[in-house]
Amino acid sequence: MAMPLRQSIRVGTYLLEQKLRKREKFPLIVELEPLYACNLACEGCGKIQHPAGVLKQRMPVAQAVGAVLESGAPMVSIAGGEPLMHPQIHEIVRQLVARRKYVFLCTNALLLRKKIEKFTPSPYFAFAVHIDGLRERHDESVAKEGVFDEAVAAIKEAKRRGFRVTTNSTFFNTDTPQTVIEVLNYLNDDLQVDEMMISPAYAYEKAPDQEHFLGVEQTRELFKKAFAGGNRRRWRLNHSPLFLDFLEGKADFPCTAWAIPNYSLFGWQRPCYLMSDGYVPTYRELVNDTDWSKYGRGKDPRCANCMAHCGYEPTAVLATMGSLKESLRAARETVAGNRDASS
């Protein structure tokens, strides 16, 4: 695990505070969507199938920042759509960073080099570039040639300017252990990004492509083989050890979607970033008025094949905090990851 030590301490302190206050449900990271518009039309995306009027909307800065502050979460992932299309995205980032929130701006990077002057490097900020494979595979997944090359150029430029750069890679049933290994080796060794996040694709109901989402057993087999031979320990993966255990079938957890809530143009999305069963105006209403017992694998058919980080990473983090053995394991991997990153 390659999370910076400062961030690890901040998140650990936050979790301890929630435990001391005996809070059962609280946010770990907010998925903030200040717009739905995008400059790509990926086949596996279920976020851009909104009416034209909705796609033209942009969330005001005060509303975006206010929602994050209301939740109290220490981290924010800004997604969309493509957030760099928001004319005030840099101001949203600036205000959140000023409040010492850890901000990850998720982007396909097509606009990154054009907009990078609007941002300032900070230990509280990182660009999170979406990379779903090497050149041919990535361009196929986003349905546009040249996107991979532009993303790579943008990553190099951002790193040259002193920004933290992370990546997010989604894998489908068209992937093999070798394609997973190839892209993560490239990101880890060639591009030398700071951290990498991985996830099996979720079967968005509105996604144009419904044939290539992974099932649970397919996911476990894929990552078990990809992680073999020391790869898992060597890669700078931005996940808890227990979540990686979960991906390869060594552990199983219930879903805790309330810990990574989604706030969008419509409000707080129930129950999670991936499913839409209505919206509420406040995070407290989301937590208190949602029947969480209805969701998760074995409870809702839409959750049957979900192993996405937004539902299961927080469960793994909470399980880590509740075990001295797992806490020490995570601490060792954090220290080792930071040592490798600085060498």
Side-chain angles (χ1 to χ4, degrees), residues 1-3 28-29 31 42 44-45 75 77 79 104 106-109 126-134 137-138 141-142 148 151 155 164-204 212-253 255 260 273-274 305-317 320 330 333-334 337 340-341:
M1 186 169 63
M3 181 184 290
L28 186 61
I29 181 170
E31 292 276 3
C42 305
C45 179
M75 298 182 289
S77 174
F104 298 85
C106 303
T107 175
N108 58 41
F127 289 111
V129 180
H130 207 90
I131 299 288
D132 282 346
L134 297 182
R137 180 171 288 272
H138 180 73
S141 73
V142 301
F148 177 83
I155 288 171
R164 286 185 55 77
V165 180
T166 69
T167 54
N168 180 12
S169 299
T170 304
F171 297 105
F172 296 81
N173 65 12
T174 50
D175 279 291
T176 65
Q178 188 57 36
T179 63
V180 175
I181 290 169
E182 287 172 355
V183 68
L184 295 182
N185 275 346
Y186 179 75
L187 297 173
N188 192 84
D189 302 335
D190 295 272
L191 283 186
Q192 297 184 357
V193 299
D194 293 284
E195 300 166 346
M196 300 177 293
M197 189 171 74
I198 57 178
S199 184
Y202 175 77
Y204 281 109
H212 296 124
F213 295 107
L214 287 160
V216 171
E217 292 307 317
Q218 288 177 303
T219 296
R220 290 170 175 166
E221 189 69 13
L222 177 68
F223 288 110
K224 180 180 179 180
K225 291 180 177 179
F227 288 161
N231 286 327
R232 171 175 157 174
R233 179 175 294 276
R234 189 175 63 81
W235 290 329
R236 291 183 296 279
L237 297 172
N238 185 22
H239 295 290
S240 65
L242 277 179
F243 180 71
L244 298 178
D245 287 351
F246 169 75
L247 285 183
E248 58 176 313
K250 292 180 178 178
D252 202 8
F253 299 112
C255 174
I260 306 187
Y273 174 71
L274 302 171
N305 289 311
C306 180
M307 295 182 71
H309 72 280
C310 64
Y312 296 97
E313 176 80 79
T315 325
V317 170
T320 298
E333 294 197 17
T334 296
D340 293 343

Notebook entry, point to check: Which atom names give the shortest non-hydrogen contact between Cys310 and Leu274, and what distance separates them?
Noted result: SG-CD1, 3.5 Å
Check: Thinking salt bridges, do Arg137 and Glu182 make one under a 4.0 Å N-O criterion?
Finding: no
Margin query: For the backbone of Asp194 and the side chain of Arg164, can you confirm whether one donor and one acceptor N or O come within less than 3.5 Å of each other?
Written below: no
Check: What heavy-atom pair brings Ala109 and Val129 nearest, and what distance separates the two atoms?
Finding: CB-CG1, 3.8 Å
Margin query: Salt bridge or not between Glu221 and Lys224? Use side-chain N to carboxylate O under 4.0 Å.
Written below: no
Item checked: Which atom of Glu195 lies closest to which atom of Phe104, heavy atoms considered -> OE1-CE2, 4.0 Å
Checklist line | Closest non-hydrogen atom pair, Val216 against Asn305 | finding: N-OD1, 3.4 Å
Notebook entry, point to check: Is the backbone N or O of Asp175 less than 3.5 Å from a side-chain atom of Thr179, with the two atoms forming a donor-acceptor pair by type?
Noted result: no
Checklist line | Beyond-backbone contact of Phe243 with Thr315, side-chain heavy atoms, under 4.5 angstrom | finding: no
Checklist line | His130 to His138 - nearest heavy-atom pair and separation | finding: O-CE1, 3.2 Å
Margin query: Would the distance check show the side chain of Asn188 and the main-chain N or O of Arg236 forming a donor-acceptor pair, the cut-off being under 3.5 Å?
Written below: yes
Item checked: Heavy-atom side-chain contact between Pro200 and Thr170 under 4.5 Å -> no
Notebook entry, point to check: How about Phe253 and Tyr312: are their ring centres within less than 6.0 Å of each other?
Noted result: no
Notebook entry, point to check: Under a 4.0 Å N-O cut-off, is there an ion pair linking Arg232 with Asp245?
Noted result: yes
Note to self: Tell me which one of Ile181, Leu237, Leu184 satisfies side-chain contact (heavy atoms from CB on, under 4.5 Å) with Asn231.
What the structure shows: Ile181
Item checked: The single option from Val193, Leu191, Ile131 passing side-chain contact (heavy atoms from CB on, under 4.5 Å) against Tyr186 -> Leu191
Next item on the list: Output yes when a side-chain donor or acceptor of His239 lies under 3.5 Å from a complementary backbone atom of Met197, and no otherwise.
Entry: no
Checklist line | For Ala316 against Ser240, the heavy-atom pair lying closest together | finding: CB-OG, 3.5 Å
